[in-house]
Structure formats: C-alpha cells, structure tokens
Amino acid sequence: MKYTKLPLFIALISIPAVMMAQPSSFFAKPDAKNASSGVIVASPLRNPPDAPRPFSEIAIGGGISALGINLQIATNLNRHMNLRATGNVLQLTESNISTNGFMVNANLNLASAGASLDYYPFPNHGLRFSPGVLFHNSNGVSGAFTADGGTSFTLDNSTYYASTTNPVKGYGSVGLHGNNPAFTATAGWGNAFPHKGGHFSFPFEAGVALIGAPSVNVVLNSGQVCDAQGENCVNVATDSDVQANLQAQIAKYKNDLAPLKTYPIVSFGVTYNFHVRSRNRM
C-alpha cells in the first residue's frame with residue numbers, strides 16, 4: 001500500500017466505529033419538519049417509561065416500630081433512590097411495677113424524627129438499604145419509686161429495710177439519646193413507589209440506630225433505712241454508705257443497658273403514593 005492512500009484507508013475504517021459510538025446521530029429517524037428536505041436530524045432521546053422525574057411522586061404512610069408509632073413522607077429521586085422523612089412518638093404510663101424491692105410508677109416517652117435515603121440496587125424489586133440519621137431524639141424512661149415501711153430492697157448486694165415511720169422515696173430516669181443526632185442503618189423490603197404500578201405499599205425494615213450509651217440517673221431523696229430489727233436508722237439522702245452503694249448500683253444498671261447503644265429498629269406499615277406532577281420528562 002502506498003503512503004498516499006493511508007489517510008483514505010484510516011478514514012474508511014473509522015466510519016463504522018464512529019457510527020457505533022454515536023448511534024443516535026447516524027440511525028435517528030428524520031425529523032418531520034425536515035423530511036421533505038432529505039436532511040436527517042436526530043430526535044432527542046426520551047427517558048424510558050419507568051424512569052420518573054425527580055420529586056414527581058409523594059407517598060405518605062404510617063406504621064409501628066421500636067421507636068414508636070411512626071408517620072412518614074417520601075418522594076422519589078430516581079429509579080434507584082427515594083428520600084424519606086419519619087417521625088415517631090409513643091407515650092405509655094405503667095403504675096405499681098415491683099422491682100428490686102421498690103414500687104415504681106414509670107413513664108415511657110418516645111419522640112424522634114429522622115430522614116433516610118432508600119437505595120434500591122434492583123429497581124424492579126423491593127429490596128432496599130437505607131442509611132439515615134435521627135436528627136431529633138428525646139427517647140427515654142422516667143419514674144418515681146417508693147419502698148414502703150418495713151419492706152426491703154437491695155443496692156449493690158446490700159440489703160436495706162425501709163423505716164416504718166419514714167418510707168424511702170426517690171426518682172430515676174434512663175435516657176436513650178446519648179448521640180443526638182444519631183446515625184441509622186436499616187435494610188428492608190418494599191418500595192413506596194412500586195414500579196409495577198399501584199398506590200399502596202407495605203414496607204418492612206430492620207436495622208439499628210447508633211444512639212450512644214444510655215444515661216442512667218437514680219436519686220434517693222427522702223426516707224430512712226434501718227437494720228433488720230428496725231433500728232439504727234439513717235437518712236438515705238445523706239448517709240455516705242447508702243449513697244456509695246447507690247452509685248455502684250447505677251454503674252451496674254449502665255453496664256446492663258450498654259447494648260442499647262445500638263438501638264434495634266424493626267418496623268412495618270403501609271404507604272399510599274400519588275403524583276404531584278408529570279411522571280416523565282416531555
């Protein structure tokens with residue numbers, strides 16, 4: 001081959017490669033306005049029907065979880081991701097709980113709010129992975145307790161007997177919000193915007209919230225304790241031995257509750273979705 005024909009040879013073998021790399025330019029149908037002139041103009045490529053516009057759909061729903069009764073709202077970002085916000089709340093009161101020699105009136109207060117990014121690796125299926133954050137968390141338990149006169153209770157393996165004339169009273173709390181905000185990580189099944197259509201979905205998820213070590217506070221603020229014969233009584237609020245055993249007992253409570261620093265999340269519920277604007281780009 002002569003060198004004078006080399007440029008022509010390169011041009012000939014380059015044409016198929018260019019056509020394969022840019023099929024929309026070479027194989028597009030003529031635009032209707034230019035068909036009569038014989039000029040081929042590439043029509044703009046359209047998104048597939050299952051590729052919705054971001055924020056074109058909204059889903060609202062509710063359910064039950066380990067964080068309380070929840071309400072949620074979600075919107076679509078693309079075929080693989082949704083953005084979801086959730087609020088949780090639950091209040092329960094239980095009276096006359098007997099524990100460790102005390103009668104306790106307890107209040108459970110769960111209140112949190114967070115957001116998560118729901119990622120669907122297989123958009124036509126419901127499997128999802130959801131990193132997120134609880135940006136508000138005030139979950140906890142509080143209560144008041146009493147040791148009636150003549151009853152016994154233990155603090156750090158030491159037994160005390162409440163005075164018959166001056167019973168022991170106190171209060172305590174457990175805070176489940178050491179990290180605020182707290183990161184969350186869950187996995188689940190169910191898409192608030194089913195790709196097969198329909199308005200309803202029944203999502204389920206399980207995971208953890210990294211809330212940090214629970215805080216424990218217990219105070220004995222009034223009353224007296226005595227020996228087994230009801231003698232040698234001392235004030236629980238000021239006696240150094242009683243207070244030392246109380247602090248040791250609190251340390252045990254903290255150790256028992258330490259696993260809750262990774263607070264379990266299990267939830268299920270129902271959502272309803274609707275369009276807020278055209279699903280597809282025109």
Side-chain angles (χ1 to χ4, degrees), residues 65-69 88-112 134 136-184 207-266:
S65 80
L67 292 170
I69 298 173
N88 308 277
V89 64
L90 180 65
Q91 292 187 339
L92 292 176
T93 299
E94 188 68 30
S95 301
N96 299 322
I97 303 172
S98 179
T99 177
N100 207 31
F102 293 98
M103 295 301 294
V104 181
N105 296 325
N107 300 299
L108 173 66
N109 297 283
L110 301 181
S112 61
L134 287 179
H136 170 74
N137 178 13
S138 58
N139 295 338
V141 182
S142 62
F145 55 84
T146 303
D148 291 330
T151 61
S152 64
F153 61 89
T154 59
L155 295 174
D156 192 34
N157 299 321
S158 296
T159 302
Y160 295 95
Y161 297 86
S163 169
T164 56
T165 59
N166 193 2
V168 175
K169 296 182 180 181
Y171 61 88
S173 64
V174 176
L176 301 174
H177 45 76
N179 294 335
N180 203 357
F183 291 105
T184 62
V208 296
L210 305 179
I211 63 171
S215 62
V216 180
N217 181 42
V218 180
V219 175
L220 297 176
N221 58 358
S222 66
Q224 292 183 322
V225 291
C226 312
D227 58 24
Q229 289 73 40
E231 300 176 351
N232 303 313
C233 300
V234 296
N235 191 313
V236 295
T238 58
D239 185 76
S240 59
D241 289 337
V242 174
Q243 289 297 316
N245 287 330
L246 174 61
Q247 295 306 312
Q249 185 65 53
I250 292 174
K252 290 183 178 180
Y253 288 150
K254 289 182 178 180
N255 184 66
D256 293 340
L257 295 173
L260 287 180
K261 64 184 178 182
T262 52
Y263 190 85
I265 297 176
V266 178

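The first residue of the sequence shown is numbered 1, and numbering continues consecutively from there.
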Problem set entry | Residue F153 excluded, over 12 heavy atoms near CZ under 6.0 Å | yes
Exercise. Taking all non-hydrogen atoms of both residues, which atom of L260 and which atom of P214 are closest, and how far apart?
Worked result: CB-CG, 3.9 Å
Exercise. Does the pair T154 and T159 meet the rule for a side chain to side chain contact (heavy atoms under 4.5 Å, CB included), with working shown?
Worked result: CA-CA 4 Å; T154 59; T159 302; 3.6 Å; yes
Exercise. Counting only heavy atoms not in K254, do more than 12 sit closer than 6.0 Å to its NZ atom?
Worked result: no
Exercise. Does any N or O in the side chain of Q243 come within less than 3.5 Å of the main-chain N or O of V236, such that one atom is a donor and the other an acceptor?
Worked result: yes
Problem set entry | Separation of N235 CG from N221 CG (nearest 0.5 Å) | 10.0 Å
Exercise. Going from CG on N107 to OG on S173, what distance comes out if it is rounded to the nearest 0.5 angstrom?
Worked result: 11.5 Å
For this session: Report the distance from atom CG of L210 to atom OG1 of T262, rounding to the nearest 0.5 Å.
Result: 7.0 Å
Exercise. How far apart are the closest heavy atoms of V216 and L257, and which atoms are they?
Worked result: CG2-CD1, 3.8 Å
Exercise. Short question: side chain of T146, backbone of D148 - any donor-acceptor pair under 3.5 Å?
Worked result: no
Exercise. Under 3.5 Å, is there a donor-acceptor pair between the side chain of N105 and the main chain of N96?
Worked result: yes
Problem set entry | Any donor-acceptor N/O pair, Q249 side chain to D156 backbone, under 3.5 Å | yes
Exercise. Where is the tightest heavy-atom contact between A66 and L110, given as atom of each residue plus distance?
Worked result: O-CD1, 4.0 Å
Exercise. Counting N and O atoms only, with roles assigned by atom type, does the side chain of Y263 sit under 3.5 Å from a partner on the main chain of L67, one being a donor and the other an acceptor?
Worked result: no
Exercise. Can a donor-acceptor pair be found between the side chains of Y160 and N245 at a distance below 3.5 Å?
Worked result: yes
Problem set entry | Test item: V141 and E94 side chains (from C-beta on) under 4.5 Å apart, heavy atoms | no
Exercise. Quick one: CG on N217 to OG on S142, what's the gap to the nearest 0.5 Å?
Worked result: 11.0 Å
Problem set entry | Which atom of Q224 lies closest to which atom of C233, heavy atoms considered | OE1-CB, 4.0 Å
Exercise. CG of N109 to OG1 of T93: how many Å apart, nearest 0.5 Å?
Worked result: 7.5 Å
For this session: Examine distances only and state if a side-chain atom of N139 and a backbone atom of L176 form a donor-acceptor pair shorter than 3.5 Å.
Result: no
Exercise. Of all heavy-atom pairs between F145 and G172, which one has the smallest distance, and what is that distance?
Worked result: CE2-N, 3.9 Å
For this session: Give a yes or no on whether the backbone of A111 and the side-chain of S138 come within a donor-acceptor separation of less than 3.5 Å.
Result: yes
For this session: Kindly give the heavy-atom pair with the smallest separation between D239 and D241, and that separation in Å.
Result: OD2-N, 3.2 Å
Exercise. When rounded to the nearest 0.5 angstrom, what distance separates CG in L246 from CG in L220?
Worked result: 5.0 Å
Problem set entry | Donor-acceptor side-chain pairing of S112 and N137 below 3.5 angstrom | no
